[in-house]
Amino acid sequence: MTELAPIQLDPAFPNVWDELQYRGSVHVSTDPEALRFLLGGAPITFYCGFDPTAPSLHLGNLAQLIIMRRLQLAGHRPLALVGGSTGLIGDPKPTAERQLNDRETVAEWVTYLGEQMLRFLSAEGDNPVELVNNLDWTAPMSTVDFLREIGKHFRVGTMLRKDAVASRMESEEGISYAEFSYQVLQGLDFRELFLRYGCIMQLGGSDQWGNLTAGTELIRKAEGVHAHALGSPLVTDADGKKFGKSEGNAVWLDPQLTTPYAMYQFWLNQDDAIVVQLLKTFTFLPSSRIEELAQATADAPFRREAQKELALQATSFIHGEPATQQAIAASHALFGAGDLQALGEDTLAAAVASLDKQATATPDAPVLQLLQETGLVDSLSDARRAIAQGGVSVNNQRIDDPAATLEGRLLHGRYAVLRRGKKTLAGVDAGLDAARA
Ligand SMILES: N[C@@H](Cc1ccc(O)cc1)C(=O)O
């Protein structure tokens, strides 16, 4: 088993800017030379913001959080902003107007996101993370002040040319005045954080470029200062789709929404074509180790060394080592020689639920029938044959009696993993019916 990489910068890069370049974390920036100089020098204060559009952050946000952490490791001070006000307005998407969420929900999500961000950044030392909420300075501001102090610096022509606004202007639906004004709010945040904390850099996904430069422009006009923006590339999967999002479903950082087991499996199943880039983006492994794993992927892709290392490092960073070790144990128990009985209930439940073939049952259901219900066999006679050949097990115990039931075989009183042959698995949950009865 490989060791967990310490959360530190790669000594091969004395300037964190060069490490960010190596990792492919910079897609666009205000001024690469100035930023290299700035980030290689005395500590600066920078910020990155997230809107409370869901109860949890997701993997796309994690890419930003990791860049924040790297900059923090280089001595710079992160401000983690949660958009208590911007979350009430909605950053325009290129496709359609957002549905407004009610204020109570947004306020609740602000709390969750704040707590979550703090888990990934350090609160220690000379440059501890500080959590800020833009509702604190937006709520007390009057409309007249907003238009006079801030709005006066914005040109409508420039605002209309921002990507998301431009595509919405072309759409039939158009764009509301509220969403159109979003960039002004984000610009106002940057200026406020400049005034309060001397913050001179904002980080965001490359889709945030318009909003980031709204801030640098405002600071230049209102304060006569050159502030900076860094846009990181949007992480995409092997098909070029937004990473960790399938059918509108994200991979969430909250273990209640995406279990550590599912998270571990997600990393483990990544394509050879993108695994090296993912190691760069999502781990603290040094470049020397990443190059080794790139070589291993080229030489012996079937061993999936890079994927295993990625899954271990990334899941541990997100959920900690004990939860990750449980997820690994569950993977071994399902797909290797590991022991199902040793798994904790939550891990086992997540592992069972992850299997493609599923059934719910009563705690005394016949195995024969479950084989058919889960689709492990086509017919009952098929099921009988499989048992007679010694090819069926429940929770890794071979079944010899065709009349066997789940009784006495369930784990944690409700779970069973049915196996046919070596590799075909189905999950059975006998807890739901039992609860109903
Ligand atoms: N607009 C950002 C969130 C954000 C909000 C306010 C800010 O000041 C900065 C960033 C997003 O949608 O991801």
Side-chain angles (χ1 to χ4, degrees), residues 5-50 57 61-83 113-114 116-134 186-187 189-206 208-209 211-213 215-216 218-220 223 225-233 280-287 317:
I7 308 299
Q8 63 180 31
L9 293 172
D10 184 347
F13 302 103
N15 186 327
V16 66
W17 177 258
D18 296 329
E19 177 160 354
L20 293 181
Q21 291 288 347
Y22 165 74
R23 294 187 182 272
S25 299
V26 183
H27 178 75
V28 52
S29 73
T30 37
D31 184 345
E33 264 168 51
L35 273 169
R36 184 169 191 277
F37 181 77
L38 199 65
L39 295 177
I44 64 156
T45 299
F46 68 97
Y47 98 98
C48 181
F50 300 103
L57 298 172
N61 306 131
L62 183 66
Q64 315 291 333
L65 287 164
I66 290 183
I67 298 173
M68 290 177 84
R69 187 63 184 266
R70 294 195 213 281
L71 291 169
Q72 185 179 34
L73 286 165
H76 304 299
R77 181 184 184 202
L79 303 173
L81 179 143
V82 40
L113 263 52
Q116 229 174 27
M117 285 194 278
L118 294 182
R119 295 216 324 262
F120 300 104
L121 295 158
S122 167
E124 321 261 289
D126 296 335
N127 55 338
V129 58
E130 181 148 352
L131 194 61
V132 294
N133 179 349
N134 57 16
Q186 190 161 333
D189 289 345
F190 198 173
R191 174 175 178 240
E192 191 65 31
L193 294 174
F194 169 74
L195 294 175
R196 291 187 181 204
Y197 299 94
C199 171
I200 50 162
M201 187 180 93
Q202 183 180 178
L203 178 75
S206 56
Q208 288 292 309
W209 189 244
N211 292 335
L212 304 183
T213 49
T216 54
L218 176 63
I219 294 175
R220 186 176 60 76
E223 313 300 334
V225 169
H226 277 281
H228 288 278
L230 192 167
S232 63
K280 290 179 180 174
T281 306
F282 289 104
T283 76
F284 290 84
L285 291 169
S287 51
F317 182 67

If you round to the nearest 0.5 Å, how far is [atom2] of [Y] from [atom1] of [X]?
X    : Y    : atom1 : atom2 : result
E19  : S287 : CD    : OG    : 7.5 Å
L131 : L79  : CG    : CG    : 9.5 Å
L57  : Q116 : CG    : CD    : 4.5 Å
L230 : D31  : CG    : CG    : 11.5 Å
Q208 : C48  : CD    : SG    : 8.5 Å
L218 : D189 : CG    : CG    : 10.5 Å

If we only count heavy atoms from C-beta on, is the [X] to [Y] side-chain gap below 4.5 Å?
X    : Y    : result
R77  : P43  : no
Y197 : E130 : yes
F282 : I66  : yes
M117 : M68  : no
I200 : L38  : yes
F190 : I219 : yes
V16  : L73  : no
L71  : M201 : yes

Any idea which heavy atoms bring [X] and [Y] closest together, and the distance?
X    : Y    : value
P128 : A123 : CB-O, 3.3 Å
L121 : L65  : CD2-O, 4.1 Å
R70  : L20  : CD-CD2, 4.1 Å
H27  : S206 : CD2-CB, 3.5 Å
I44  : L39  : CD1-CD2, 3.8 Å
T281 : A63  : CG2-CB, 4.2 Å

Taking the side chain from [X] and the backbone from [Y], do they hold a donor-acceptor pair closer than 3.5 Å?
X   : Y    : value
R69 : F120 : yes
N15 : R36  : yes
R23 : K280 : yes
T30 : A229 : yes

Looking at F37, I want to see if its CZ is surrounded by more than 12 non-hydrogen atoms of other residues, nucleotides or ligands under 6.0 Å.
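Not buried by this count: 12 neighbours or fewer within 6.0 Å.
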Just wondering, are more than 12 heavy atoms of other shown residues or ligands nearer than 6.0 Å to CD in Q8?
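Buried by this count: over 12 neighbours within 6.0 Å.
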Before giving the answer on side chain to side chain contact (heavy atoms under 4.5 Å, CB included), spell out for L62 and F317 the whole-Å C-alpha distance, their side-chain angles and the decisive distance to 0.1 Å.
CA-CA 10 Å; L62 183 66; F317 182 67; 4.2 Å; yes
